[in-house]
Every structure is written in C-alpha cells, then in structure tokens.
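Worksheet: the structure to be examined is printed underneath.
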Amino acid sequence: MPNLTGAKFLSLCTVAVGAIYAAGYVYTEPLAQANPLSAKAPISTSKSSRPGLSATSVSSHSTSSTKGPSSMSPSTPNSAPVYKDGTYTGSGANPYGTLSVAVEIVHGRIARVQITQYNMHYPESIIDPTLPKEVISMQTWRIYVVTGATASTYNFAEAVYNALQKAKG
C-alpha cells in the first residue's frame, strides 16, 4: 500500500465524497422531477409550538409557469371561497408507499379530510388525525411536517394538493 501524506489523503477523500454525492444526485433526480412536492416545494422553516410537529412546513414558491403546487393559492380562513363544493379524491406516492385522501368542500372551504387508503412504511396513526386537522385549520395543503414521518407527510400533502386541484372553482 502506498504511503499517503495528509494532503494526498485529503484529496483522495474529497474526490470520493464528490463521487458519492454525484452518484446520489444522478440516482434521485428522476424521483425529484416526478414528485411535484419535492421538485417545486422546498421545505421552509417556520416557528411552531404545536406538540408532535416539527418546526418546518411544506411550502412552495413560484419558479415557473407550469402547473403544479407553485401555481395554487392557499385559502385562508378569511378569504373568499376558492373551491367548488363536493368531495374530491387525490393520492400521493413515493418509494416508501402510497396513500389516498378524500377532501370534502362545503361552502367553498375545506370541511373534512379523510385518509381513504394508506400503504406506507410507518403506521397511519403517526399522521392521522394530526394532518387532516391541520389541513382543515390552515385551509391549505401546505402543512407542518410530522417529525419521524416525513415521507408520509409529503405523500399526504401531495394527495390533498391533487384533490384540491380538482376542486378549484
């Protein structure tokens, strides 16, 4: 084995880490492009005093004119109705599983959110009833990420987003 000096060893480690990073990027980029929440909605920090919730939320910013999460305006409790009354379904998927929701709109507002199908790595009880209540109280798919259930939270947010897209008036 050749004798590596400190500078050579550091260079070798730097190249190895760079190669691993590049391989990870190449491997995960197609998934990021396929999932509108991961591709267009970075996690942003916000203060939260809610128990069981982390201090980050799923949010988005407008970076393009394509249809997706960045083109949807959330409804706040005091704003005019933006949804058609009825019950709408949506689903979300990632490598850890899938889930589906039914979102009920009454008088243009989100009145009920129910998880109708759940096939994820962690138990449904980690996000239900916390996230459905969060959607109703915030009147948007942009919800707080539940610590320890990030993939489930993103799937849930994506499912609600897809249902709300169908309900837009």
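A distance of 14.5 Å separates CD1 in I143 from OH in Y161, rounded to the nearest 0.5 Å. With rounding to the nearest 0.5 angstrom, the CD atom of Q117 is 9.5 Å from the CD atom of E124. Between the CE atom in M120 and the CG atom in N94 there is a gap of 4.5 Å [rounded to 0.5 Å]. Remark: Y83 OH to R109 CZ distance equals 10.0 Å, nearest 0.5 Å.
For N162 (side chain) and S91 (main-chain N/O), a donor-acceptor pair under 3.5 Å exists by modelled atom type. Here the side chain of K166 pairs a donor or acceptor atom with the backbone of T89 at under 3.5 angstrom. In this structure a side-chain-to-backbone donor-acceptor pair under 3.5 Å is present from T153 to V146. With hydrogens and angles ignored, the 3.5 Å screen pairs a side-chain donor or acceptor of N155 with a backbone N or O of G97. Of the possible polar contacts, one joining the Y88 side chain to the D85 backbone as a donor-acceptor pair under 3.5 Å is found.
Contact check for V113 versus I110: side-chain heavy atoms found under the 4.5 Å cut-off. Side-chain contact check for M138 versus Y144: some heavy-atom pair is nearer than 4.5 Å. V15 has its side chain out of reach of S11: every pair of non-hydrogen atoms, C-beta onward, lies at least 4.5 Å apart.
Checking S152 against Y118 by side-chain atom types alone, a donor-acceptor pair falls below 3.5 Å.
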Apply side-chain contact (heavy atoms from CB on, under 4.5 Å) to V101 and Q114, showing your working.
-> CA-CA 5 Å; V101 298; Q114 180 181 11; over 6 Å; no
Run the side-chain contact (heavy atoms from CB on, under 4.5 Å) check on I115 and F156 step by step: do they pass?
-> CA-CA 8 Å; I115 297 173; F156 179 82; 3.9 Å; yes
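The shortest heavy-atom contact between Y96 and A151 is CD1-CB, 3.6 Å. Between D128 and P132, the shortest heavy-atom distance links the atoms OD1-CG, 3.6 Å. Looking at every heavy atom in both residues, A111 comes nearest to I136 through O-CD1, 3.6 Å.
Just one residue in the list T140, V103, V82 forms a side chain to side chain contact (heavy atoms under 4.5 Å, CB included) with L164, and that residue is V103.
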